[in-house]
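Computed over heavy atoms, backbone and side chain alike; hydrogens, waters and symmetry mates excluded.
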Amino acid sequence: MSLYCGTICRRKSFWWYRLLSTYVNKTRYLFELKEDDEACRKARQTGVFYLFHDLAPLLQTSGRQYLVPRLSQAEPEVEAELGGSFISLRRALSQLSSMDSSLLFTARALLRWQDGHQFCSRSGQPTKKNVAGSKRVCPSNNIIYYPQMAPVVITLVTDGARCLLARQSSFPKGMYSALAGFCDIGESVEEAIRREVAEEVGLEVENLQYSTSQHWPFPNSSLMIACHATAKPGQTEIQVNPRELEAAAWFSLDEVAAALMRKGSFIQQQSDALPLLLPPKLAVAHHMIKTWVETQTCSSLAA
C-alpha cells in the first residue's frame with residue numbers, strides 16, 4: 001500500500017504570507033513543502049493522506065458517487081475499517097468531484113513516477129526521494145530527477161457543421177473521442193497536430209486554435225494540450241489508419257448534442273447499434289466537445 005500526502009494542510013504563520021495574495025501564498029507554501037524536508041515533516045503531522053494500493057485509490061461509495069476518505073497518520077489503513085475499497089481511478093472517473101479527481105490524478109502520477117525511477121539511469125545506483133516525494137537524487141553523482149509529463153496533443157477536428165470523433169479498441173463500447181497523440185521530439189504543437197490528424201484519419205487541417213490543457217495520469221503522466229482545427233475544404237473523406245484507430249466518423253451537431261444530454265448507463269439497443277458515448281466530464285475531450293456544441297448552437301440561433 002502507498003500513502004500520498006495531499007495539499008490540504010495547515011500553513012505555517014510566516015509574517016510575509018500576509019503580504020501576498022491567496023494564490024501566491026498557497027504557491028509559495030507548496031514550494032516550501034517540496035523543497036524543505038523539515039517543513040514537510042511538520043506538515044504531515046496535520047496533513048491529509050490518500051491511501052493507494054497498486055495505483056488504485058481507496059474510495060467510499062455514496063449513492064452514485066465516490067468519496068475519498070481523508071486520513072491522518074494516526075488512522076488505521078484497512079479497507080474494512082474505513083468502509084471503502086480500492087477502485088481503479090479510470091473506473092471511478094465519472095463519479096468523482098473535480099477537487100478529488102485533481103488530487104487523485106496528482107497522487108497517482110507521482111506514485112507511478114516514484115515506482116519507475118528508483119534507480120539512476122547513469123550510475124545504476126538506487127535514488128533517494130525527498131520527504132515530499134517531489135524529486136529523487138542519486139547519492140553517487142548528485143543527479144536530481146524530477147517528475148515529468150509527456151506532451152500530448154488532443155484535437156477536435158470540424159468541417160463547419162460536423163465534428164470528427166474516433167475510437168480505439170480499448171475504449172468502452174460506443175465511446176468516441178477527439179483525436180490524440182504524443183508529440184514527437186523536435187515538434188511544435190502545431191506540427192504534432194497536423195501529423196497526428198494525417199496519420200490517424202488521412203486529413204489535412206488548418207485554422208489551429210489552442211483551447212485549454214489538462215494533466216491526465218493515464219497510462220503515464222501526460223499534459224493534454226487541447227486544440228480545435230478545421231479540415232481543409234474538400235478534404236473530408238476519412239481514411240482510418242488501423243494501426244492507430246478502430247474507427248472514426250463525422251458526427252452532426254444533433255448527434256453530439258444528444259450524446260451530451262444522455263445520462264445513465266449505455267444500454268445496447270434492439271438493433272445492436274450502440275448510442276454515441278462521449279468521454280467522461282472530467283476529461284478535457286468532453287470539455288472540447290461541449291464547447292463546440294454550445295458554439296454551434298449559439299451560431300444557429302443567431303443566424
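Taking OG1 of Thr236 as the reference point, atom CG of Asp159 lies at 6.0 Å (rounded to 0.5 Å). In this structure, CG on Leu165 lies 11.0 Å from CG on Leu277, to the nearest 0.5 angstrom. From Asn141, atom CG reaches atom OG1 of Thr127 across 10.5 Å, with rounding to the nearest 0.5 Å. Rounding to the nearest 0.5 angstrom, the gap separating the CE atom in Met175 from the CG atom in Leu276 is 10.0 Å. Note that CG of Leu110 and CZ of Arg112 are 13.0 Å apart. Values are rounded to the nearest 0.5 Å.
For the side-chain hydrogen bond (donor to acceptor under 3.5 Å, both in side chains) criterion with His215, the lone passing option out of Ser221, Ser102, Ser222 is Ser221. The side-chain contact (heavy atoms from CB on, under 4.5 Å) test with Gln214 is passed by exactly one of Val152, Val284, Leu223, Ile154: Val284.
Listed by chain and residue number, nothing satisfies the ring pair (Phe, Tyr, Trp, His ring centres under 6.0 Å) test with Trp250 (two or more places apart in sequence, or in another chain).
Within the 3.5 Å criterion, the main-chain N or O of Glu206 finds a donor-acceptor partner in the side chain of Thr230. Side-chain atoms of His228 never come within 3.5 Å of backbone atoms of Gln209 as a donor-acceptor pair (strictly under, hydrogens ignored). The main-chain N or O of Gln235 is never found under 3.5 Å from a side-chain atom of Glu204 such that the two would form a donor-acceptor pair. Within the 3.5 Å criterion, the main-chain N or O of Asn241 finds no donor-acceptor partner in the side chain of Glu244. Not one N or O on the side chain of Ser62 forms a donor-acceptor pair closer than 3.5 Å with the backbone of Gln65. Side chain of Glu196 to main chain of Cys183: no donor-acceptor pair is present (N/O by atom type, distance under 3.5 Å, no hydrogens or angles).
Here the closest non-hydrogen pair linking Tyr176 and Ala247 is OH-CB, 3.7 Å. Shown here for Leu203 and Leu164, the closest heavy-atom pair between the two residues is CD1-CD1, 3.5 Å. Heavy-atom minimum distance, Arg162 versus Ser252: CG-CA, 4.3 Å. Closest non-hydrogen pair, Val197 versus Val205, comes out as CG1-CG1, 3.7 Å. Of all heavy-atom pairs between Pro69 and Gln60, the closest is CB-NE2, 3.7 Å. Nearest heavy-atom pair across Arg108 and Pro219 is NH1-O, 3.7 Å.
Residue-environment remark: CZ (Arg91) stays at or below the threshold of 12 foreign heavy atoms within 6.0 Å. Under a cut-off of 6.0 angstrom, the local environment of NZ in Lys129 is crowded, with over 12 non-hydrogen atoms contributed by other residues, nucleotides or ligands. Atom CZ of Phe218 is surrounded by more than 12 heavy atoms from other residues, nucleotides or ligands within 6.0 Å. More than 12 non-hydrogen atoms from other residues, nucleotides or ligands lie less than 6.0 angstrom from OH of Tyr210.
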- Item | Test log, rule side-chain contact (heavy atoms from CB on, under 4.5 Å), inputs Asn130 and Val137 | CA-CA 8 Å; Asn130 63 342; Val137 181; over 6 Å; no
- Working for side-chain contact (heavy atoms from CB on, under 4.5 Å), residues Lys135 and Glu35: CA-CA 9 Å; Lys135 60 185 175 182; Glu35 298 299 322; 3.3 Å; yes
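Residues Arg64 and Gln95 have side chains that never bring a donor and an acceptor to within less than 3.5 angstrom of each other.
The pair Glu246-Arg167 counts as a salt bridge, with a side-chain nitrogen and a carboxylate oxygen less than 4.0 angstrom apart. Glu294 and Lys290 are joined by a salt bridge, as a carboxylate oxygen and a charged side-chain nitrogen come within less than 4.0 angstrom of each other. Salt-bridge formation is detected for the pair Glu38/Arg41: a Lys NZ or Arg NE/NH1/NH2 atom is positioned less than 4.0 Å from an Asp or Glu carboxylate oxygen.
The hydrophobic clustering, which links ILVMFWY residues whose side-chain heavy atoms are closer than 4.5 Å, places Val201 and Ile193 together.
Between His117 and Tyr145, the two ring planes are tilted [angle within 30° to 60°].
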